Every structure is written in C-alpha cells, then in structure tokens.
Amino acid sequence: MCLAVPAKVIAIKDMMATVDLNGVQRDVSTMLLPEAEVGQFVLVHAGFAMQVVSQEDAEVTNALLAEMKGGERTVEHL
Amino acid sequence: MEYITMAHGAGGKSSHELMEKVILPELSNPLLDKLHDGAIFAVNKGKMAFTTDSYVVRPRFFPGGNIGKLAVCGTVNDLAMSGAVPKYLSLGAVIEEGFPISELKEILHSIRMAADEAGIAIVTGDTKVVDKGAADGIFINTAGVGEVIEGTDISPLNIKPGMKVIVSGYIGDHAATVLGARHGLSLPDTIKSDCAPLCHLTKAMLDVCPEIAVLRDPTRGGVAATLNELAEQSGTGIILDEEAIPVRDEVAGVCDILGFDPLYLANEGKLLAIVPSDKAEEIVEVMHTIKYGENACIIGRVTSEGAGQVGMETAIGGIRLVDMPMGNLVPRIC
Amino acid sequence: MNTSDKKKTKELAQNLISEITRLSKIAMKENGGRPLRFMEVCGTHTVAIFRGGIRQLLPDSVELVSGPGCPVCVTHDDYMDKAIAYAQRDDVIVTTFGDMLKVPGSKSSLSNEKTKGADIRIVYSPLDSIEIAKENPDKKVIFLAVGFETTAPTAAATVLAAKQQNVNNLFMLSAHKLVPPVLNLLLSDEKTKVDGFILPGHVCVVTGTEEFDFLADKFHLPGVVTGFEPLEILRSLYRLCYQVANKEAKIENEYGSVVKPEGNPQAKAIMSRVYRKSDTSWRGMGEIPLSGLKMQDEFKEYDIENVLPLSLENAKIKKTACRCGEVLQGLIKPMECPLFGKACIPEHAIGPCMVSVEGTCAAWYKYGGGKFVFGK
C-alpha cells in the first residue's frame, strides 16, 4: 500500500500543510511529520506528509542519480 | 420569471413566454425563428451524417465549460469524426421544476457560443418540465446532421499496418479537472476542461488528406479505450511511444497523487487520427495552424503483429500492454 | 525529458540489463540452472514494473514474482463480508480507498452494493472521513482501515484527530497488515524458492530498514529498498543479482532520500498508541501470527466491531482449494492450482495473486507464460 509522491510544502497552519506538485495543491496533515517546514519537499501518502525528502541523501546514496548527472558508471564487475 | 415552473412546460402562455423571453433571444436564427413544427432546409447531393447524444453532467458548470457547451461540442465532434461538416442541430431539454432561469440563460448562452464557433445552426428544439426530484436539474439531448466531405471514407477497416497515430494535443485535461476537484485537489488556472468543437480541425485535416482512415474523439475511457476499440475492429496492433504522448505537468501531478494513468482519462476536445504514414507529418503541420490542433503530434504506429492489442514503448525501452479500462476511475493507494 | 536525458535513460537501462543478464547467468550456473527468482512486495512496485514494461526486458535467467503484494489483494473474504454487512445498513456511510471496491467477498463486493444503493464513498485520505462524519451527525461513518505499515499510521492519526475534535460517529473497521511476518512465514518453508527481495520503499519510510534485517541475518537473502521509477527498479535488480552472484546477503538502501534506518519514529509511535499487533487472516494464505493490527482498548469506542458487533454466519474462515501460498513460494506454477482459470479468474478472483491486476496468477491468465509479449 504504497502510492506516495513528493510535493513541496508552501504553507503550514494548525498541523495542516498545503503542498504543491506541478501547480496542483492539496492540504495534507503533518501529524506524522511535525518537523515539516515550508520550502521542504515531503513525501505524501493518503493525505499525510510521511517524510522529508532529503536531496543530499538522495545524491549520496543514489548512484543512478549521480550517473544521470554524468557521474561514473557504478555497475561493478565481478 | 425567476424559476422554471410546471406551467413553462404546459404549452400555454408561460411556455410561449419562456420561448420569447429566454430561449429565442439566445438561440435566434432564421430557421428557428419561424417556430415551425420542423425545420425545412435544402441538402446538397452526397452523403449525410446523423448522430445524437444525451448529456447528464455533474457538476453542471466546471472550469472550461458547462453542460450546454458539452452538449453542442459532443454532437458536433461526433459528426466531425464521421468526416462530416456539421450543419444543423436539434436541442431538447428536460428541466426540473424550480431550476433557476438565470442558470438556464447561462447554459443557453454557452450553447449559442459553441454552435456559432462550430458553424452549426440550432434549427429545432423542445423543452419539457418535470416535477421536482424527477430529474437532476437539467438533462440535454442534441442531435445533429452534417454533410460528409466528398472523397472521405472514415472506417476502422481502412486501418493498415504502417499507418501513424496522431493526437491533437494534451490528453486528460477534462477528467483531471473534474476528478481533481472531486478529490480535494485545487488546480491552477492553467488547467481546465478541453471541451471544444473540433470540426474545423477535422475539415482541414481531411482537405490535406482525404485518405485518413479513422478520426475518433477519446472521451470516456480515454486514449486507451479508443485505441483498443480500433485495434480490435481493424484486426491490427497499435504501438505507442510513451515519451511522445503529450501530458501537461499539472495533469501528471493529479495522476501521481490519485494513482491514475493519463491514457485512461476522458477528453472532451481532443481527437485521435490514424493516417497514412507518408502524409502524417504534413497533416500534423496543418493541424498546428488550426485552433485546438496547436499541440498535435504523432504518438504511435499501426503494426501487423499484435492484432487487437495496444502496446506502449516505455522510456527504458520495454513494451507494456495498454489494456482496455475496467470500470470507473477511482483514487488508488496501492 | 530532453533528448539527451532520454538517450541517457535508455543507455543506463541497457547497461543495467546487460549486467543483470551476465550476473544472473553466473549465479544460475551455481544453483543448478534454476532462474533467479526475485519478489516485490508492494503493489506500487508491481504497477511500476508493469508500466515500465520491465518484465519483457529481463533475460530468462531472472524471474519476477509479485509477493503477497498489495494489502488490498490480501484482504480476506471475511473482512469484505463484514464491510458489506455494515454498508447495507441504512444508518451507515462506508468510506474507503478506491482500490477496495472490486475486492470480492464471499457473495458480493462493495462495488455491487454501491450499485444497489449502499452509501459507500471513495476517499483519498482517511481524514476525509472526519468531514463526512461531521456533515452526517445522524449516521455512523465507517472507514475501511486497510493497508500496510505505510497506511496504518494515517488511519491511527485519523482516530486521534477524531478524538481531539470530539467526532463521535466515526469508526474504523480495521484490517491493517504487517509485511515482515508474512515474508518470515513464506521463507520458513525450506522449499520456498526466492533469491532476494525488492523491498517496499514506502513501507520502509515508516518502518525503517532494520525491520527487514532478518531476511539477511536469518535466511541469508539479499534485499534492496528502492523507489518506483523504472530505472530505480532495474538498479535494484542489478544489486540483487550482484549480491547473489557474489554470495552476499545484505539489506541495501537505494532510496535514502526518504528511507532512514530508523524510519519515521512519530508515525511508529502514533501507530502503536492506537493499534497493537494481532493474528490475522490473509486471503489465500490463512491466519498468520502477529501479522495484523487491532485497536488498543483505549480506543475501543472507535472500533466498529466493538460498538456494533455483527453476527455473521460465515464468520469461520473458509478453506478453499486456492494455492496462492505455493504460487508465491515458487513451488507451483499458477495453472497447477485446480481453481486457476476455472473458479478463479480476474472478474471473480479467489486468491490475492488473481485479485491484483498484475498478480502472478492474473498475469498468467492474461498473457500466458506470465510475461506480456506484444504480438504473441
């Protein structure tokens, strides 16, 4: 049960955040992610912010992202 | 006169008043103004196309249109997809007692605007009023006749391997607008229903290439349903190119949030055409110069293998099945 | 995507596939010629694999199986029967995720009941049920609380919000399920043929990766947590092949942007405040110890089964000839099940592998051979 999308927090009021994805907006609850801040990207599932999307972590751990950006090929040979 | 009453449908003084004060001021034209039992008009020799459809939309007003605009465009587009130039339209309305006349005027105004744009004349009509609760506001039926453009032959049986699939613009705008609003999403002004008459576009396309095999407007069930029907009726396969399919970012956003696939979203002002390969580029170029065709592009091709199937080449080079849709679109969470 | 990105995507995909092919062939030689079998255990991965056309790109040396997949598919007949019985009452509004509409109960489905006039409303968020409850104070609003660890906290938070706002006519019909226990059960049978797992990225957002360490520690199997883009899934398959060929068994996290080792502590805390672990039945697999969630006593006034108990004749768990469990374990092919294509077809599915559009049985039923190949 896992459909979730990253969206940008553009406002927060009373444990509800307005998030934006390509101009489409919805109010989601921050009850599960009280640390969410305006300007951050959060992962949204079933009307709740579930986690902050960390761009740095993505770049450190995601070899694919690095390769997309012209980094070295990361498939290792046996 | 503020609200529709049962007397407005009874054929007496009130009915006459409704006609004179509300309907004719909006829809007036020489054929309708005669108020005969039937419209009498001359026809050219050649073939005619004739179609009808009924409209029961909720909500009646949505960004980009309303039930009146939809009722004209839907029937106009059915004629256009038959290779015809729309000429005359009938308009029937079943109205619930208590319906606000101001709203009726607004709907009639949209009907007139859409009819004028399409170049179709509303030449006959009918109004019935039913008891409160017996209808949901207003139901509209339109029927239209048009003259089939000489030398054209629109039929799925003309679809042949090697032909190209063209779409007239961004897909899914209508359904994304309606469904997004229904599920608590607020959409930017940049996205609204694409409801539009496509007869000038089809005329221009057929003028360039009378050999177009098929024209279809992918309404309910979207591009996926329409192409599946065509693949089955023609006994050919159709392969789409995922990256060529035009989808607005906002529509992609609605789809990501609610778990929809744009291929299955209804359109009200888009067409699909299956055309001879050597004419495809030229047709697209002409479409770019006509209203509602500005973003037309080639999205796929017809194959001899995979008879009856629709497949799609994906961004990573795989091929997926584009199945016939099952049931209504509802938000998915897994 | 611009042209150079497109080219790069295809190129990366090709690199990954050629490595997957090479490594899986090496590993296949070592294990007696059996193709490597990787399982995904998330409905959204299943859909992403389907939409990306990934199966068709893979060599014969790699087989993908959809595990006990989406929580909707594994929801038991009995639960659906209860939901339907509640929906048939005049004083009830049922709210549900759209996915549940078509899931069969023993006699009907929610979709059928809706057609017959039951007040069943599709919601995007469990929180939407609170608004519906406020607008309908004379009705009992029942939310069908299904879902894995990703979704359970959202239902739990909804209960807390209802309590806070003094909404007294919103209730849960709870059937949340947990992923690790079912994997543990599948693997505890020594005959199970699975070589590694594509781990459910969004479940791990809540649970963290540590809850899946047992795959490596106890069963010596690799697992890769990954996202939902086709390239990410290919990358996870490459990592799985790499580990198998290297005889490694580690849990790797390729979805670090949102998956932390410890998960989301707040979500876990809210979940365990409202719910406790309990035994529960899975469609086609029977009862699995401590694989579900029940409401804590403190919140029993929100538990519809406590507030308005049903006496259903068929409350006992029915035995069917469904062999989904063995299909998932890789012990049999779908057509070896006596129900396949006869009593069990996509329109009236019996097991989870047929309920899910891309479940193993549904795929075999639709395409034969389990793989969609255009033109065949």
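Treat the numbers as computed from the prediction; the structure is a model and nothing was measured. Protein chains get the first letters and strands the later ones, always in sequence-line order, with residue 1 at the start of each.
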*Donor on one side chain, acceptor on other, C:Thr151 and A:His45, under 3.5 Å*: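 Yes, A:His45 and C:Thr151 have a side-chain donor paired with an acceptor closer than 3.5 Å.
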*Looking only at heavy atoms, which two atoms of C:His202 and A:Leu3 are closest? And how far apart?*
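It is ND1-C, 4.4 Å.
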*What's the shortest heavy-atom distance between C:Ala157 and A:Met31, and which atoms?*
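What the structure gives for the nearest pair is O-CE, 3.3 Å.
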*For chain A, find which of C:Leu234, C:Asn15, C:Val205 contributes the most heavy-atom pairs closer than 4.5 angstrom.*
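The residue among C:Leu234, C:Asn15, C:Val205 with the greatest pair count is C:Asn15.
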*If you tally heavy-atom pairs under 4.5 Å against chain C, which of A:Pro6, A:Ser29, A:Pro34 wins?*
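Of A:Pro6, A:Ser29, A:Pro34, A:Pro34 has the most heavy-atom pairs under 4.5 Å with chain C.
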Donor-acceptor check, side chain of [X] to backbone of [Y], threshold 3.5 angstrom: yes or no?
X        : Y       : answer
C:Ser257 : A:Val53 : no
C:Thr154 : A:Ala46 : no
C:Asn264 : A:Leu32 : yes

Under 4.5 Å from a heavy atom of chain A, the part of [X] involved:
X        : answer
C:Leu12  : side chain
C:Val259 : neither
C:Ala48  : neither
C:Glu149 : neither

Are the side chains of [Y] and [X] in contact, using a 4.5 Å heavy-atom criterion?
X        : Y        : result
A:Val5   : C:Phe228 : no
A:Leu33  : C:Gln266 : no
C:Pro153 : A:Phe48  : no

*When you look at NZ of C:Lys163, are more than 12 heavy atoms from neighbouring residues, nucleotides or ligands closer to it than 6.0 Å?*
yes
